[in-house]
Amino acid sequence: MNTENQKKQSDFWKGDPFTGFVLGAIVGLIVGSINIATISFPWLGRLCFLGIWLFVGTQPRFKDKRTPEQIAKDNEVAEQRLQELREKAEARQDERQAEKEQKQIASARKREAKMQKNELKLQKNQLKIQKHQLKNRNKIKCPKCKSTNVQPLGVHKKGFSVGKAVAGTVLAHGTVVGPLAGFAGKNSKKTDFVCMNCGKQFKK
């Protein structure tokens, strides 16, 4: 009975039923999707699937005429091609990873060089400030305790003095000497200092 059933099946499927099934499934899915979106014809996708499956599976022209040895050889070739494709993909992935790592290393080196440059610039500025402070300390002394341990507070620029102008006007009885007294010392620049020993504030 089993041999008779196998004979009947082989007599019916004279083509390539596996290829017909796969091709019919793909075409049926596409046609069914288009059918749902447009004309909505009942069972159109399934009918296409069954028609292609039966047509390709029952027609002798679609039957694989290769011998088992040829099929095995073709399978080996296909496996070798797949292995080559996998190796190429892995090699490309390794190259991309190496390029990415090199870019990261180069970026890190650039950041490190920039930080070192900024540190050197900061050190130069600090040395410049220290030299300036030492120079000022050697020249400027506290008028009270004669200490050179002084720190600058800021530049003091005198402007027009209303008090001096009023006092000059009172002393000169309204002459032009009063306004001139208000401008006394106008363009003179002085720096405020503080003594770190006694706390005396003075100008130089």
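The hydrophobic clustering, which links ILVMFWY residues whose side-chain heavy atoms are closer than 4.5 Å, places Leu44 and Ile30 apart. When hydrophobic clusters are built by joining Ile, Leu, Val, Met, Phe, Trp and Tyr residues whose side-chain heavy atoms come closer than 4.5 Å, directly or via intermediates, Ile39 is not grouped with Ile36. The cluster map of Ile, Leu, Val, Met, Phe, Trp and Tyr, joined by side-chain heavy atoms under 4.5 Å apart, puts Trp13 and Val22 in different clusters. Two different hydrophobic clusters hold Leu29 and Ile52 under the rule that ILVMFWY side chains link at heavy-atom gaps under 4.5 Å.
Leu54 places a side-chain heavy atom less than 4.5 Å from the side chain of Phe12. Using a 4.5 Å cut-off on side-chain heavy atoms (C-beta onward), Lys203 and Asp192 make contact.
For residues 60-83, every residue pair satisfying the ring-ring contact (aromatic ring centres under 6.0 Å, His included) rule, not counting sequence neighbours, is listed here: Phe55-Phe62.
Of all heavy-atom pairs spanning Thr19 and Val56, the tightest one is C-CG1, 4.4 Å. In this structure, Lys146 and Lys141 approach most closely via the heavy-atom pair O-CD, 4.1 Å. When all heavy atoms of Val194 and Gln201 are compared, the pair lying nearest together is CG2-CG, 3.9 Å.
Asn35 contributes a side-chain N or O that, together with a main-chain N or O of Ser40, makes up a donor-acceptor pair within less than 3.5 Å. A donor-acceptor contact shorter than 3.5 Å is absent between the side chain of Ser107 and the backbone of Lys103.
Between atom CD of residue Gln83 and atom CD of residue Glu76 there is a gap of 13.5 Å, rounded to the nearest 0.5 Å. Interatomic distance, CZ of Phe193 versus SG of Cys142, reported as 12.0 Å (0.5 Å rounding). Rounded to the nearest 0.5 angstrom, Arg46 CZ and Leu50 CG are separated by 9.5 Å. Interatomic distance, Glu112 CD to Ile105 CD1, rounded to the nearest 0.5 Å: 12.0 Å. Note that the CD atom of Gln104 and the CD atom of Glu101 stand 7.0 Å from one another [nearest 0.5 Å]. The CD atom of Gln93 sits 15.5 Å away from atom CZ of Arg86, with the distance rounded to the nearest 0.5 Å.
In this structure, Lys63 does not pair ionically with Asp16, as no charged nitrogen and carboxylate oxygen lie closer than 4.0 Å.
Ring geometry for Phe21 against Trp53 counts as perpendicular: the plane angle is over 60°, on a 0 to 90° scale with 30° as the lower cut.
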